[in-house]
There are 2 protein chains.
Amino acid sequence: MSLPHAILTALLEKPSSGLELTRRFDRSIGYFWPATHQQIYRELGKLEQAGFIRALPSERPARGQKKEFEVLPAGRAELTAWASGEQDTKPVRNALVLRLRAAAVVGRAGLDDELRRHLTLHQRQLAEYEEIDSRDFGAVADPEDRLRRLVLRAGIGLETFWVQWLEEALAEVADMDAEADGEAGSGADTGVRAGE
Amino acid sequence: MSLPHAILTALLEKPSSGLELTRRFDRSIGYFWPATHQQIYRELGKLEQAGFIRALPSERPARGQKKEFEVLPAGRAELTAWASGEQDTKPVRNALVLRLRAAAVVGRAGLDDELRRHLTLHQRQLAEYEEIDSRDFGAVADPEDRLRRLVLRAGIGLETFWVQWLEEALAEVADMDAEADGEAGSGADTGVRAGE
DNA sequence: AAGATCATGTAAAGAGTTACATGATTCG
DNA sequence: CGAATCATGTAACTCTTTACATGATCTT
């Protein structure tokens with residue numbers, strides 16, 4: 001149940017329309033809690049019905065017309081309550097790591113490419129985070145920004161870890177392929193069927 | 001669409017019943033792709049219907065009776081195909097980090113406790129991984145085990161990162177609280193309402 | 001006027017979670 | 001025999017994803 005609270009946080013930082021929220025989720029908050037515009041519109045509807053937010057008065061409220069929301073006192077209270085309690089830790093799922101285990105059983109065909117692809121993605125994300133870091137957090141003083149920087153440092157740390165791990169994994173796989181070549185004497189056998 | 005492939009991998013490693021699979025998911029594969037017994041039973045039904053696995057012949061196939069599954073050639077082919085292609089990277093969601101952003105807006109009440117709680121959880125998981133590492137991977141030689149060890153090292157690296165980050169976060173928050181005390185001159189104000 | 005883009009939405013399918021139901025076996 | 005445990009399953013719900021629908025505004 002974190003999406004509504006992510007939205008409340010975003011709206012407290014700055015009242016926004018559904019599409020504006022969607023864009024902001026693509027950048028900052030969405031790094032740790034991504035959401036599509038469909039999820040956001042649905043959740044905005046629920047939050048409005050619950051009395052946590054309200055649409056700012058507009059001349060012509062209609063479909064296709066921008067509709068801005070702001071957080072009501074009840075919404076702030078809800079967020080405060082949520083932020084004071086315990087979060088239930090959601091399980092982590094990672095398909096790439098799963099694939100490594102599959103490769104141990106059905107062979108390493110294509111594994112190298114996939115590791116490289118992920119390495120590029122993580123390097124890119126890391127660069128993005130570091131750019132934000134140097135742009136937004138030069139000399140940090142106030143508590144709000146210190147907390148937000150902690151969030152960013154989580155992102156940087158995670159991406160750094162993945163880059164390192166992927167480089168290690170690539171080296172390891174290359175080494176395995178080299179050994180397989182040496183033993184079998186064959187040429188470009190990337191589809192080694194280990195575990196058979 | 002990774003759960004069926006996680007199950008195929010597990011069944012190739014060793015044919016199992018639904019409950020046995022559930023237990024194995026609690027330990028090894030489940031570290032990166034957790035699943036409950038309900039998910040597993042449902043998926044086993046689908047995999048069987050698709051002709052990817054079959055139930056080993058049993059004397060009395062009935063409800064409440066153990067039912068073991070093994071992977072058929074079509075299932076192996078499916079897993080091989082999946083493992084050779086690109087995985088779509090699933091978005092990462094992290095409620096704790098979200099909570100930090102919320103704390104930047106509605107205050108840090110209870111934040112310290114929550115960080116400490118997560119620190120304990122991650123320390124425990126790290127210890128578990130390291131125990132597995134020293135128990136199962138003494139001198140590694142064959143490719144299958146080298147790949148499985150890479151998986152484990154991903155777990156160890158991730159948990160190590162979180163432990164470090166949480167310690168850093170705790171220190172930072174403590175420092176903020178100390179400063180708030182100094183400025184306001186008040187006593188134990190952990191509910192500082194930043195951003196108001 | 002046509003096309004691109006902004007903006008809000010609906011529908012349906014898929015994945016994951018929670019609660020409950022039921023039969024078989026084992027142990028005191 | 002009764003209780004605990006092993007084992008398989010159903011049902012209902014929530015959350016997420018994907019595809020599509022529709023109106024408003026701006027540009028050429």
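In what follows, chains are A, B, ... by sequence order, proteins preceding strands, each numbered from 1.
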Would you kindly give the CD1-to-P distance between I40(A) and dT8(C), to the nearest whole Å? 11 Å
On DNA chain D, compare the nucleotides closest to H37(A) and K90(B); which residue's is nearer the 5' end? K90(B)
Counting heavy atoms from C-beta on, name the nucleotide in dT8(D), dT16(D), dT8(C) closest to the side chain of S17(A). dT8(C)
R24(B) and E20(B) ion-paired at < 4.0 Å: no
I'd like to know if R148(A) and D136(A) make a salt bridge, using a cut-off of under 4.0 Å between side-chain N and carboxylate O. no
Please report, rounded to the nearest Å, how far the P atom of dG9(C) is from the CZ atom of F69(A). 7 Å
F25(A)/Y31(A) under ring pair (Phe, Tyr, Trp, His ring centres under 6.0 Å): CA gap, chis, key distance, verdict: CA-CA 7 Å; F25(A) 267 75; Y31(A) 289 140; over 10 Å; no
Using the closest heavy atom to pick a nucleotide of DNA chain C for each, name whichever of T36(B) or K46(B) lands nearer the 5' end. K46(B)
Nearest-nucleotide 5' precedence on DNA chain D, R93(B) against E68(B): E68(B)
Starting at the 5' end of DNA chain C, which residue's closest nucleotide do you reach first, Y41(A) or M1(B)? Y41(A)
Within this structure, what is the NZ-to-C1' distance between K66(A) and dT22(D), rounded to whole angstrom? 19 Å
d(CD, Q39(A); P, dA7(C)) in whole Å: 20 Å
Which of the following nucleotides, dG16(C), dA7(C), dT18(D), is nearest to the side chain of Q38(A)? dT18(D)
Whole angstrom value for the distance that separates P of dG14(C) from CD of E43(B): 12 Å
Tell me: CZ of F32(B) to P of dG16(C), nearest whole Å? 17 Å
Spacing between R42(A) atom CZ and dG9(C) atom C1', to the nearest angstrom: 12 Å
Counting only heavy atoms not in R153(A) (residues, nucleotides, ligands), do more than 12 fall under 6.0 Å from its CZ? no
Shortest side-chain distance from K67(A), nucleotide among dC6(D), dG16(C), dT8(C): dT8(C)
Side chains of R93(B) and S2(A): is there a donor and an acceptor less than 3.5 Å apart? no
Nearest-Å distance, NE2 (H5(A)) to C1' (dC15(D))? 15 Å
